[in-house]
Number of protein chains: 2
Amino acid sequence: MPADPLSRVFSALADPTRRDMVAQLAIGDATVSELAAPFDVSLQAVSKHLKVLEEAGLVSRSRDAQRRPVHLEAEVFDLMTKWIERYRRRAEARYRRLDDVLRSMPEEPTPTLPQEGTPS
Amino acid sequence: MPADPLSRVFSALADPTRRDMVAQLAIGDATVSELAAPFDVSLQAVSKHLKVLEEAGLVSRSRDAQRRPVHLEAEVFDLMTKWIERYRRRAEARYRRLDDVLRSMPEEPTPTLPQEGTPS
DNA sequence: TCCTTGTTCAACCAAACGGTTGACCACAGC
DNA sequence: GCTGTGGTCAACCGTTTGGTTGAACAAGGA
């Protein structure tokens with residue numbers, strides 16, 4: 001799977017069924033059939049979803065006889081939140097900077113350019 | 001587009017090209033061709049990516065003659081961070097609770113079951 | 001007016017996705 | 001050993017996705 005980790009995580013959570021599974025697993029570990037119960041799809045489909053979540057690192061699986069308990073791994077969330085926070089912070093900083101600029105120049109007529117380039 | 005907002009945002013950011021565009025837009029607004037420059041794809045492909053970002057609410061677009069300046073909308077990020085934080089918090093709370101339980105019962109021999117079920 | 005620049009629309013294509021069914025494997029219990 | 005239960009693997013199918021090319025639209029400049 002050549003996709004980068006961040007793409008895998010975002011992509012895994014882009015599906016509402018998989019997000020519901022994560023929500024369920026946040027309450028506690030569960031088996032495949034337990035996770036499948038609320039959904040109107042085959043067990044195989046659920047198995048596929050879990051594989052996606054596992055490859056994204058969102059979930060890990062152990063063995064208990066025939067059962068394969070699924071466990072939520074919280075660490076990968078950090079990958080996303082760090083990415084998100086970085087760019088949100090930048091965008092917000094940019095806003096603040098723009099505000100400052102606008103506040104600090106009530107009569108500057110545009111330094112280098114000879115005429116106003118931005119109307120309205 | 002019937003997909004729910006959260007799915008649209010996650011799905012939009014699941015593509016590395018689109019994440020790069022968001023990164024670029026965090027620095028400042030840009031036109032379509034400016035955004036396309038660093039990538040080895042057609043302008044039409046970039047236009048499609050921007051449409052996806054726009055439908056996810058991550059980006060807004062205005063008019064400036066023939067140009068269509070693209071602007072990053074930071075608010076939608078909150079949708080994601082709120083979802084992420086909710087389930088991460090639950091998972092972490094669960095860890096803490098489990099720790100407490102394990103700490104508070106150093107000699108309980110398994111209440112209801114007659115024999116130990118988990119070896120090693 | 002025509003030309004150029006910036007962008008989008010439409011049609012197409014290969015690959016990936018989410019689902020299905022059928023066969024199969026792993027283990028517990030009889 | 002056989003049988004039942006819990007899950008996975010493999011093949012298939014329709015839809016979506018990310019890309020292409022070619023045509024068209026929108027607006028400024030000659």
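Below, chain A is the first sequence line, B the second, and so on; all start at residue 1. Keep in mind it's a predicted model, so treat the numbers as computed, not measured.
Under 3.5 Å, the side chains of A:Ser7 and B:Arg19 contain a donor-acceptor pair of N or O atoms.
If you measure from atom CD of B:Gln66 to atom C1' of C:dG6, you get 6 Å, rounded to the nearest angstrom. The NE2-P distance, from B:His49 to C:dT8, rounds to 13 Å in whole Å. With rounding to whole Å, B:Arg8 atom CZ is found 12 Å from D:dT17 atom P. Put simply, CZ on A:Arg68 is 12 Å from C1' on C:dC25, counting in whole angstrom units. If you measure from atom CD of B:Glu54 to atom C1' of C:dT7, you get 13 Å, rounded to the nearest angstrom. Atom NZ in B:Lys48 sits roughly 11 Å away from atom P in C:dC9 (whole-Å rounding). For B:Lys51 and C:dT8, the NZ to P distance is 9 Å, given to the nearest whole Å. Taking atom CZ of A:Arg61 as the reference point, atom C1' of D:dG6 lies 12 Å away to the nearest angstrom.
The base of C:dG6 does not come close enough to the side chain of B:Glu34 for any donor and acceptor atom to sit less than 3.5 Å apart. Interface remark: the A:Gln44 side chain does not form any donor-acceptor pair with the C:dG18 base, using a distance-only criterion of under 3.5 Å.
The residue among A:Asp40 and A:Ala65 whose nearest nucleotide of DNA chain C lies closer to the 5′ end is A:Asp40. Nearest-nucleotide mapping onto DNA chain C: of A:Arg18 and B:Leu50, the residue sitting toward the 5' end is B:Leu50.
Look at B:Arg88 and B:Glu85 and you find a salt bridge, because one of the NZ, NE, NH1 or NH2 atoms lies within 4.0 Å of a carboxylate O, short of that distance.
The side chain of A:Arg67 contributes no N or O atom lying less than 4.0 Å from OP1 or OP2 of D:dT8. Close to D:dT8, at under 4.0 Å from its OP1 or OP2, lies a side-chain N or O of A:Ser47. Contact annotation: A:Ser42 reaches the phosphate of C:dT20 (side-chain N/O to OP1 or OP2, under 4.0 Å).
Placement of A:Phe77 and A:Ile27 in two distinct hydrophobic clusters is found when ILVMFWY residues are connected by side-chain heavy-atom separations under 4.5 Å, directly or transitively. Under the 4.5 Å side-chain heavy-atom criterion for grouping Ile, Leu, Val, Met, Phe, Trp and Tyr, B:Trp83 is connected to A:Val9 within one hydrophobic cluster.
Expressed to the nearest 0.5 Å, how far CE of A:Met21 lies from CG of A:Leu13 amounts to 12.5 Å.
Distances were taken from every side-chain heavy atom of B:Ser33 (C-beta onward) to each of C:dG18, C:dG6, D:dG19; the shortest belongs to C:dG6.
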